[in-house]
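As the structure is a prediction and not an experimental result, all values here were calculated from the model. Residue numbers start from 1 in every chain, and the chains themselves are labelled A, B, ... in the order their sequence lines are given, proteins ahead of strands.
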4 protein chains.
Amino acid sequence: MAQARGNTRQRIQDVALELFAEQGYEKTSLREIAERLDVTKAALYYHFKTKEDILIGIFEDLTRPMDELIAWGHDQPRTLETKQEILRRYQEALLAAAPLFRFMQENQATVRELSIGLTFKERMIAVIGLIQEPEFSMTDKVRSVSAIFTMHAGTFFMENIEGDAEEKHEAVLEVALDLIGQAHQGA
Amino acid sequence: MAQARGNTRQRIQDVALELFAEQGYEKTSLREIAERLDVTKAALYYHFKTKEDILIGIFEDLTRPMDELIAWGHDQPRTLETKQEILRRYQEALLAAAPLFRFMQENQATVRELSIGLTFKERMIAVIGLIQEPEFSMTDKVRSVSAIFTMHAGTFFMENIEGDAEEKHEAVLEVALDLIGQAHQGA
Amino acid sequence: MAQARGNTRQRIQDVALELFAEQGYEKTSLREIAERLDVTKAALYYHFKTKEDILIGIFEDLTRPMDELIAWGHDQPRTLETKQEILRRYQEALLAAAPLFRFMQENQATVRELSIGLTFKERMIAVIGLIQEPEFSMTDKVRSVSAIFTMHAGTFFMENIEGDAEEKHEAVLEVALDLIGQAHQGA
Amino acid sequence: MAQARGNTRQRIQDVALELFAEQGYEKTSLREIAERLDVTKAALYYHFKTKEDILIGIFEDLTRPMDELIAWGHDQPRTLETKQEILRRYQEALLAAAPLFRFMQENQATVRELSIGLTFKERMIAVIGLIQEPEFSMTDKVRSVSAIFTMHAGTFFMENIEGDAEEKHEAVLEVALDLIGQAHQGA
DNA sequence: TATGAATGAGGGTTCATTCAT
DNA sequence: GATGAATGAACCCTCATTCAT
């Protein structure tokens with residue numbers, strides 16, 4: 001109950017993300033967050049300027065690995081091997097920040113209006129850009145997009161499917177690698 | 001302004017879907033819907049019992065083709081040809097009710113709590129069940145799921161990608177067919 | 001279900017009284033009344049000008065015996081025998097229109113503002129006037145009032161007490177007669 | 001206008017009770033209460049969770065003396081003297097919390113559905129239980145009930161009767177004591 | 001580092017009532 | 001003798017936000 005002091009800001013973000021992911025951004029009120037933390041709403045305002053700000057904070061923290069991935073990908077040769085590595089790392093990043101990505105995916109309509117919305121879409125486009133070539137046929141472009149979406153779907157929707165988690169993740173990665181492989185040889 | 005009488009119920013659904021898809025369910029207020037239709041909020045309540053009811057109405061109307069598809073698929077032999085046909089028809093259904101599906105996808109967090117939430121997930125699982133076999137390897141199961149998600153992604157996310165719509169749809173279908181083809185021969 | 005025609009007005013009053021007595025006047029909506037009768041709200045407005053009008057109609061119908069009692073009492077000699085007879089008849093009138101009186105008693109705050117409110121109070125005062133004499137001591141005046149209230153309490157509150165209904169009514173009457181008897185001999 | 005701070009909660013209860021007693025619970029809106037206090041409706045919700053909660057708060061505060069009376073009565077010998085004392089104290093409690101009891105009496109239909117409804121009835125039954133014996137004849141049971149109701153009637157309805165308040169209260173108490181006395185010797 | 005008290009705006013919902021048909 | 005469609009006003013309630021302490 002009485003967690004260590006000085007980390008309130010972090011605790012707010014943790015609880016907020018948990019609730020945002022569980023119930024959605026709009027349906028989660030600051031009252032709820034405050035109650036879970038056993039502080040007052042006003043306390044939240046000491047740490048964050050607005051509700052959206054809490055989300056931005058979370059986003060910035062959890063999104064850094066993905067930014068680094070994008071930066072890293074930029075400097076690599078655009079070979080199939082690179083792309084495979086990107087997919088591997090992408091999956092890791094996805095799993096590491098699972099609640100945030102689940103949230104992003106399930107609250108697109110909301111997120112779109114928020115200042116992080118564009119950022120998120122830009123990031124996805126950036127990642128797709130790393131594995132997709134301009135000279136790809138339309139079909140292969142779709143394959144590239146599909147590879148990324150497969151990983152998203154695989155990470156979240158597949159929960160409803162029976163099977164060992166580890167095994168599922170491997171299968172998902174395999175399909176994604178397969179798709180990018182096909183795209184590449186098609187070109 | 002003064003549109004033909006007797007179709008108010010339909011007009012409410014149309015405007016509501018438009019706004020729901022555009023801004024999200026929670027952020028769309030009944031006041032807004034009413035104003036667009038130039039009626040009072042109370043008029044909405046003559047036609048629907050609650051806000052959720054408006055959504056349910058829309059859902060039931062637009063979801064029928066998909067139900068028919070599922071029913072049809074049930075009675076077919078579980079051959080590759082059937083599955084290909086299912087994917088083709090699925091894409092059609094998706095495009096026909098595009099705004100609804102966009103809405104469903106972008107408001108998952110909200111929809112999950114609503115009474116239609118379960119229904120929707122059940123439907124997706126049902127469709128996946130039609131193209132996926134129990135004896136599939138995990139990888140091929142993922143391919144089946146991926147085929148469906150590719151179509152969703154392809155129908156909505158791809159808008160952000162340059163290219164002719166028609167051509168994109170064909171490419172999306174091709175990739176989906178490909179995935180199910182691979183899954184089938186893998187078995 | 002399909003009751004005889006032409007008596008809709010009466011059926012409205014019946015259902016309305018039932019609901020008013022059960023839930024209170026304010027908490028009973030016209031929608032509810034209409035639904036129970038399987039007609040539209042608008043139909044109620046064919047028969048009555050306002051919601052209050054329904055109540056007024058009920059009141060006028062069921063209150064007539066009491067008016068007649070008051071009129072009758074007025075013409076009688078102000079003897080103890082007369083007063084005893086008035087109490088006997090009062091109890092009968094009370095039981096005959098039990099739901100209305102229960103309603104009146106339990107919705108005084110509401111009824112007070114309604115046009116029948118005064119009427120009701122006037123009637124009670126009139127009845128009390130029939131059994132109470134100006135030269136009564138204050139104590140005996142209270143006894144007169146108490147005799148009437150005992151009957152009201154006895155008719156409604158006593159439901160919560162165990163015992164045969166008939167027997168209870170007799171006991172209630174006995175106490176009331178006793179009170180007026182004491183008042184009379186006290187004078 | 002700007003009354004001392006920190007007592008807002010109390011002020012809300014005061015004004016609310018005043019209005020509830022005057023116009024009834026349903027007809028009193030939170031807007032009205034807020035306006036009288038020169039605060040916003042939302043302020044009321046800072047202090048109370050719901051409208052009903054305001055009433056519950058009032059009830060709990062004002063009802064305590066009566067609870068104490070019941071508790072006290074429980075520990076006394078069941079003699080006539082005890083019962084007389086109970087009636088005396090009951091009248092005091094009634095007068096001390098007159099507006100609340102007037103409200104309870106005039107809004108029975110409403111109160112019945114509220115969470116305090118049962119509580120109130122239970123309390124009345126408890127008090128009656130203190131002055132009534134199982135071996136009483138039905139008539140004497142009625143006398144016990146009547147004693148209590150006489151006090152209620154006497155405290156509220158008698159306002160409409162001419163006479164000095166103090167004198168009336170004494171007369172009411174006398175009649176009540178008389179009734180319980182008769183009941184007791186009847187046994 | 002927080003809290004207590006309050007606000008303004010808006011939410012969904014219900015109501016009695018009207019009126020053309 | 002009734003309905004279908006709609007309205008205007010009001011309702012209770014919740015929210016993100018503010019600010020003096």
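As rounded to whole Å, 8 Å separates atom P of F:dA16 from atom CD1 of A:I33. In this structure, A:L55 places its CG atom 13 Å from P of F:dA16, rounding to the nearest Å. Straight-line distance from the CG atom of B:L37 to the C1' atom of F:dT7: 15 Å, rounded to whole Å. Between C:I12 atom CD1 and F:dG1 atom P the separation is 12 Å, expressed in whole Å. As a whole-Å value, the separation of B:E35 CD from E:dG10 C1' is 12 Å. Between the CG atom of A:D53 and the C1' atom of F:dA16 there is a distance of 13 Å, rounded to whole Å. For the pair B:I54 CD1 and E:dG12 P, the interatomic distance rounds to 9 Å; values are reported in whole Å. One interatomic measurement links the two molecules: CD of C:Q10 to P of F:dG1, which rounds to 15 Å at whole-angstrom precision.
Distance noted for atom P between F:dT21 and E:dT1: 22 Å (whole Å).
Residues satisfying the ring-ring contact (aromatic ring centres under 6.0 Å, His included) test with A:Y25, not counting sequence neighbours, are A:F20. Not counting sequence neighbours, the partners of C:R36 by the side chain to side chain contact (heavy atoms under 4.5 Å, CB included) test are C:V15, C:E18, C:L19, C:E22. Partners of D:E32 under the side chain to side chain donor-acceptor pair (under 3.5 Å) rule, at least two apart in sequence or in another chain, are D:Q23.
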Reading nucleotides 14-21 of chain E from the 5' end, what letters show protein touch, with B for base, S for backbone sugar-phosphate only, - for no heavy atom under 4.0 Å?
BSBBBB--
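The side chain to side chain donor-acceptor pair (under 3.5 Å) analysis of residues 43-57 of chain D, with sequence neighbours excluded, yields the pairs D:E52-D:S115.
The two residues C:A97 and C:L62 make their nearest non-hydrogen contact at CB-O, 4.0 Å. For the residue pair D:A34 and D:T40, the shortest heavy atom distance occurs at CB-C, 3.8 Å.
The backbone N or O of D:F103 sits nowhere less than 3.5 Å from a side-chain atom of D:E106 that would complete a donor-acceptor pair.
Between D:T8 and the phosphate of E:dA5, there is no side-chain N or O to OP1/OP2 separation shorter than 4.0 Å. Of the side-chain N and O atoms in D:Y46, one or more sit less than 4.0 angstrom from OP1 or OP2 of E:dA5. Under 4.0 angstrom from either OP1 or OP2 of E:dA6 there lies at least one side-chain N or O belonging to D:H47.
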Which dot-bracket string fits DNA chain E when only Watson-Crick or G-U wobble pairs with both atom distances under 3.5 Å count, crossing pairs get [ ], and | stands for a partner on a different strand?
.||||||||||||||||||||
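Considering only side-chain atoms of A:A43, the nucleotide from E:dA6, F:dA6, E:dA2 that sits closest is E:dA2.
Salt bridge status for C:R64 with C:E60: absent, with no side-chain N to carboxylate O gap under 4.0 Å.
The aromatic rings of B:F101 and B:F120 are tilted relative to each other, their planes meeting at an angle between 30° and 60°.
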